[in-house]
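One structure is given below, encoded as structure tokens.
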Amino acid sequence: MHTSHEARHTPQALAAPEWWRTAVIYQIYPRSFADASGDGVGDLRGITGRLDALDELGVDALWLSPFMVSPQKDAGYDVADYCDVDPLFGTLADFDELLAAAHARGIRIIVDLVPNHSSDQHPWFQAALTAAPGSPGRARYIFREGRGPEGDQPPTNWESIFGGPAWTRVTEADGSPGQWYLHLFDTSQPDFNWDSEDVREEFRRILRFWLDRGVDGFRVDVAHGMVKDPTFPDWTPDPQAASMGGDATPAPYWEQVGVHDIYRDWNRLLAQYDGDRALCGEAWVSTIEKTALWVRPDEMHQTFNFHYLETPWDASALRRTIDDSLTAFSSVGAPSTWVLSNHDVVRHATRLGLTAESPQGAGIGPDSPGLPDRSQALQRARAATALMLALPGSAYLYQGEELGLPEVLEIPDDARQDPTWFRTSGERYGRDGCRVPIPWEAHAPAHGFSATGRSWIPQPQGWGEYARDGQRHDADSTLSMYRRLLALRRTHRLGEGSVEWLDVKDLLGAEAAEVLALRNQGVVVLANLGADPVALPAAATVLAASTHLPSAQHGVERSSVGGAAALLPSDAVVWLVSPESPEFS
Ligand code: NOJ
């Protein structure tokens, strides 16, 4: 069993309480990260081969989206065997090698756990299909009789998150039309019945399997689901609410109190291991205050702060979300997390420039309304990242955002893979646009993703311009900005700090309603979300900026602004420090 790691690079970090309180965690979507086998789908050996780049970036941990045995109907979130690696991604030995190589660099690894549902190819579901209605073989999933005299109407009116009905009728062993099973996602993803002790025990076994191999924790899929209202009432979602959950009035399958007992059980199980193993919940919950219930001291350790991801690019809205997050999470002794992108949402280098709303998971395509100007949206995304990485707590990055990758719009219809696209007959584009294999080298086949040039979703024209090799030695690149911010975040121990809001008028000598100013561990962060540039305080020293600062020496750490007041442009963020901190004057 693996024991505790050396914390990365700084001896101070060794003294820090638990690593996950302050960690920057980089999400790897294995299908699209790096393909060592050349079949066009990324794999575990591909990740191992690219670890140096992540070490250089300066992240603390990796979260790997599912690589377990799966028919890949939902890109691996449909698991048929939770304790083995799908041959598409390699072998358990490849996983052990990756884990050892990451740990040797002081990088932790958390893996994805999918407990709400399995694949329909899971042996338990296959057994349930041939088992008799009401038998123990069916009791591990949610089977119900249909409504109506013939039982040919689904048991409830619930809709699948991917579109279409959430129930599918089976044919019984004798050939007659039979019961219905629940699948909140695709037909191929039947929901487990968490009232079943078999299910509970099986997931304890799965947790131990990966903990014994040495993983540092789990990202828990659909952590707001799993337990359903036992009365199974009909329910109609609010059409304005997010499609991945998070409605103001929770659905009878989200946010049920029974889920908390499961996490208490898992918390106790993880506590039997050394090294501060952690659970991070993917819980789309209606309010920040309720989200904090997932991270009470005896439950999960972290939960994604999707409220932050969903906050518009607006100064007062962001300030409110930051305050509400810090208050809610600290009230239960948990760190806040921060996240802007993942494999389910439109990449923030596009999303923050959209003028029309794009509900979670719905995606966008070439004919979507309100598409942004690409360079302006990137400017905003860089600013958003610079603000996020200044905040105390733990931050999540999604592969490729450090390259400034936009959402890919031009995916041919016949190359689309997301079940959302198929289940809505193309009405919703789905999530393929944020899952396109990432570029490593501008001039290599598939831009370095695979030596054969194959790529499971085609890379678009111009993808090479974002390649890592071209950005590495360009001080103004998005990659260089991420590296600089992550290094400074570590040096100044911003993850352990706190937010103190500063009076913008005092600082800048003028009112600026769309400017946010905060101090964390002596670093002053100014975010200009307004349309006009603002003059920076003359005595300050620029640590980092999300963009070129007119009349400041940009790109060099600790380049003094000196007497010439630099300007902070619109949609830009700067990190400042002064020897006389906290006051600049
Ligand atoms: C959330 C995952 O992030 C998403 O990709 C997946 O489709 C659903 N859960 C279902 O597992």
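What you see below is based on every heavy atom in this structure, not just the backbone, and it leaves out hydrogens, waters and symmetry mates. Order of listing sets the numbers, starting from 1, for every ligand and every atom in it.
- Side chain to side chain, His348 and Thr385 meet the donor-acceptor criterion of an N or O pair below 3.5 Å.
- Side chains of Tyr181 and Asp191: a donor-acceptor N/O pair is absent below 3.5 angstrom, by distance only.
- Heavy atoms of Gln360 found under 4.0 angstrom from ligand 1: none, in either backbone or side chain.
- Interface of His117 with ligand 1, defined as ligand atoms under 4.0 Å from a residue heavy atom, comprises 10 (C), 11 (O).
- Annotation: cation-pi geometry not satisfied between Arg144 and Trp167 (NZ/CZ under 6.0 angstrom from ring centroid, within 45° of ring axis).
- Remark: ligand 1 atoms within the under-4.0 Å shell around heavy atoms of Arg219 are 2 (C), 3 (O).
- Residue pairs meeting the salt bridge (Lys or Arg N to Asp or Glu O under 4.0 Å) criterion with at least one partner in residues 401-410, sequence neighbours excluded, are Glu402-Arg468.
- Seen from the ring of Phe95, Arg213 does not count as a face-on cation partner, given the 6.0 Å and 45° thresholds.
- With sequence neighbours left out, the side chain to side chain contact (heavy atoms under 4.5 Å, CB included) criterion links Ala377 to Pro372.
- In Arg435, the part holding a heavy atom less than 4.0 Å from any atom of ligand 1 is the side chain.
- In summary, the atoms of ligand 1 found under 4.0 Å from a heavy atom of Phe162, numbered by their order in the structure, are 7 (O).
- Heavy-atom contacts of Arg431 reach the following atoms of ligand 1: 4 (C), 5 (O), 6 (C), 7 (O) (cutoff under 4.0 Å).
- Close contacts of ligand 1 with Val222, meaning ligand atoms under 4.0 Å from a residue heavy atom, involve 9 (N).
- The Glu282 neighbourhood of ligand 1 comprises atoms 1 (C), 3 (O), with distances under 4.0 Å to a heavy atom of that residue.
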